[in-house]
Amino acid sequence: MKCLLVGHLVIDTIVGGSKSETRIGGGAYYSAITLSNFCDVEVLTSVGEDFPDEWLDELRAVGIKLRIIPSEKSTAYELRYLDVNWRELRLLSKAAPISKAPVKRYDMVLLNPVANEIPPELVEKLKKKAVFLAADVQGFIRAPVPGNVMLQRTDVSFLKGLKAVHADISEMDYLKNLRPGEVEVFLASNGPETGFAYFRGSRYAYRPVR
C-alpha cells in the first residue's frame, strides 16, 4: 500500500518549566512514522537549509521517501507546556507553501498542515490521487503569521467528501461550511476528556486513554 503525507516537517522547541529541547515535529512527521509500519510512505513537504540533515536522514533510514520543496526557512514552533495535556504555541518561522501534487496515485493521502501551507486548490488535485483522503484541520485554520498561534474562521468546504477529518473540539467553531455529516468519519477530540466520533452523521462518544 502506498501512502502520501502532505504538510510541513517542523523544528519544534519544547519548553517545560526550566527545561528546553529542540526536535523534529509536525503532524506529517508523526503520521509518517506511524504509517511506515503499515505502508510505503512518502512525505510531500517544504524545509529550508536550517532544517537538520540528520533528521531527514533518520526518516530515510526507516524507508520514508521525501519530496522536498526548497524554502528559505523551515517552519518552526515553540511549544510551551503548561501541564502534561495543555500547551501554548508560538509560530517562529514558516516554510514555503506546498502547491504541486505528485503525478502518481496513492492508496491513501493524509493532509497534515501546521501553518496554512496547503491551499484548497491542492486539496482538489489530491482528491484525484487517492480513494482514501483524510485531513487534520488545525493547519487550515491557523493564522499564517509569526507569533502566538491564532485561529481564524475559515471556509473549509473543500474538505467535503473526504473519508476522515479530525478537529479538536475547540476548533469546531472556526470551521465554516463543513458539517460532520459531510465527511464519512469526523473525529472531534477534546484532549484527555471525552470526545466524539461521527460516522456518516451519527454521533458516538469515546473516552481516550489518559
Side-chain angles (χ1 to χ4, degrees), residues 5-17 19-31 43-48 50-51 69 71-99 110-124 126 134-160 162 164-180 182-183 186-196 198 208:
L5 283 296
V6 185
H8 283 167
L9 297 175
V10 178
I11 300 174
D12 276 341
T13 299
I14 316 294
V15 180
K19 297 182 179 180
S20 175
E21 67 172 313
T22 300
R23 65 189 187 197
I24 186 173
Y29 165 70
Y30 292 108
S31 296
V43 176
L44 176 59
T45 190
S46 178
V47 298
D50 56 343
F51 202 89
I69 298 171
S71 177
E72 181 180 349
K73 295 182 178 180
S74 301
T75 295
Y77 274 100
E78 179 188 83
L79 298 81
R80 188 174 296 273
Y81 277 84
L82 307 178
D83 58 36
V84 294
N85 292 311
W86 304 108
R87 65 189 183 185
E88 291 181 344
L89 289 176
R90 185 165 173 261
L91 179 62
L92 306 178
S93 61
K94 182 185 174 184
I98 302 170
S99 56
L110 178 56
L111 309 176
N112 269 142
V114 292
N116 230 304
E117 70 268 30
I118 302 177
E121 296 80 11
L122 180 61
V123 178
E124 294 300 328
L126 290 170
D136 192 302
V137 305
Q138 64 172 0
F140 291 112
I141 62 175
R142 288 178 178 175
V145 292
N148 292 335
V149 170
M150 302 292 292
L151 302 184
Q152 54 188 4
R153 186 165 167 75
T154 303
D155 183 351
V156 292
S157 56
F158 55 87
L159 297 178
K160 290 181 180 179
L162 267 62
V165 170
H166 167 259
D168 187 271
I169 284 179
S170 65
E171 299 169 334
M172 297 286 284
D173 290 339
Y174 296 90
L175 306 181
K176 185 179 178 182
N177 296 326
L178 180 69
R179 297 189 298 272
E182 293 174 320
V183 296
F186 190 100
L187 300 174
S189 60
N190 190 23
E193 306 303 327
T194 299
F196 298 95
Y198 297 81

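Throughout, residue positions are numbered sequentially from 1 according to the sequence presented.
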Chemist: Please lay out, stage by stage, how Val156 and Val137 fare under the test side-chain contact (heavy atoms from CB on, under 4.5 Å).
Modeler: CA-CA 8 Å; Val156 292; Val137 305; 5.8 Å; no
Chemist: Within a radius of less than 6.0 Å around NZ of Lys160, do more than 12 heavy atoms belonging to other residues, nucleotides or ligands occur?
Modeler: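 Buried by this count: over 12 neighbours within 6.0 Å.
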Chemist: What's the spacing between Glu121 CD and Phe158 CZ if we round to 0.5 Å?
Modeler: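 It comes to 9.0 Å.
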Chemist: Which heavy atom of Val114 sits nearest a heavy atom of Gly26, and at what distance?
Modeler: CG1-CA, 4.2 Å
Chemist: Please name the pair of heavy atoms, one in Val10 and one in Asp12, separated by the smallest distance, quoted to 0.1 Å.
Modeler: CG1-OD1, 3.1 Å
Chemist: Can you check whether Ile118 reaches Val6 side chain to side chain, under 4.5 Å on heavy atoms?
Modeler: yes
Chemist: Quick one: which of Thr75, Val145, Asn116 gives a side-chain contact (heavy atoms from CB on, under 4.5 Å) with Leu91?
Modeler: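 That would be Thr75.
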Chemist: Should Glu21 and Arg23 count as an ion pair when the cut-off is N to O under 4.0 Å?
Modeler: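 Answer for the salt bridge query: yes.
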Chemist: Work out which heavy atom in Ser20 is nearest to a heavy atom in Thr13; give both atom names and the distance.
Modeler: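 So the two residues come closest at OG-CG2, 3.6 Å.
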Chemist: State the CD1-OH distance between Ile24 and Tyr30, to the nearest 0.5 angstrom.
Modeler: 8.5 Å
Chemist: Pick out which of Leu44, Asp136, Val165, Leu126 makes a side-chain contact (heavy atoms from CB on, under 4.5 Å) with Leu111.
Modeler: Leu126
Chemist: For the backbone of Ile169 and the side chain of Asn190, can you confirm whether one donor and one acceptor N or O come within less than 3.5 Å of each other?
Modeler: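 No; judged by distance alone, with no hydrogens or angles, the pair does not exist.
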Chemist: Side chains of Pro144 and Gln152: does their closest heavy-atom pair fall under 4.5 Å?
Modeler: yes
Chemist: Can you check whether Glu117 reaches Ser46 side chain to side chain, under 4.5 Å on heavy atoms?
Modeler: no
Chemist: Can you tell me how far the CG atom of Leu175 sits from the CG atom of Leu151, to the nearest 0.5 Å?
Modeler: 9.5 Å
Chemist: Are more than 12 heavy atoms from other residues, nucleotides or ligands located less than 6.0 Å from atom CE of Met172?
Modeler: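 Yes.
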Chemist: Can a donor-acceptor pair be found, under 3.5 Å and without considering hydrogens, that links the side chain of His8 to the backbone of Ala28?
Modeler: no
Chemist: Can you tell me how far apart CD (Gln138) and OG (Ser170) are? Round to the nearest 0.5 Å.
Modeler: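 It comes to 10.0 Å.
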Chemist: Using modelled atom types only, decide if a donor and an acceptor are shared between the side chain of Tyr77 and the backbone of Gly25 within a distance under 3.5 Å.
Modeler: no
Chemist: As an exercise, state the distance from OG1 of Thr154 to CZ of Arg142, rounded to the nearest 0.5 Å.
Modeler: 12.0 Å
Chemist: Restricting to non-hydrogen atoms, name the atom on Ile69 and the atom on Pro97 that form the minimum distance, rounded to 0.1 Å.
Modeler: CD1-O, 4.0 Å
Chemist: Would you give the length of the straight line joining atom OG of Ser74 to atom CD1 of Ile11, rounded to the nearest 0.5 angstrom?
Modeler: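 That separation rounds to 4.5 Å.
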Chemist: Taking the side chain as everything from C-beta on, heavy atoms only, tell me whether Arg153 gets closer than 4.5 Å to Asp173.
Modeler: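 Side-chain contact under 4.5 Å: no.
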Chemist: Taking atom CD of Glu72 as the centre, report whether more than 12 heavy atoms of other residues, nucleotides or ligands fall under 6.0 Å from it.
Modeler: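 Not more than 12 within 6.0 Å, no.
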Chemist: Can you tell whether the side chains of Glu78 and Arg80 come within less than 4.0 Å, N to carboxylate O?
Modeler: yes
Chemist: Might you point out which heavy atoms bring Leu162 and Ala134 nearest each other, and give the distance in Å?
Modeler: CD2-C, 4.0 Å
Chemist: So which heavy atom on Pro208 is nearest to which on Pro192, and how close?
Modeler: CG-O, 3.6 Å
Chemist: Is the shortest side-chain heavy-atom distance between Ile14 and Lys19 below 4.5 Å?
Modeler: no
Chemist: Are more than 12 heavy atoms from other residues, nucleotides or ligands located less than 6.0 Å from atom CZ of Phe196?
Modeler: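 Atom CZ in Phe196 is packed in, count exceeds 12.
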Chemist: Using side-chain heavy atoms (C-beta onward) and a distance below 4.5 Å, is Arg90 in contact with Asn148?
Modeler: yes
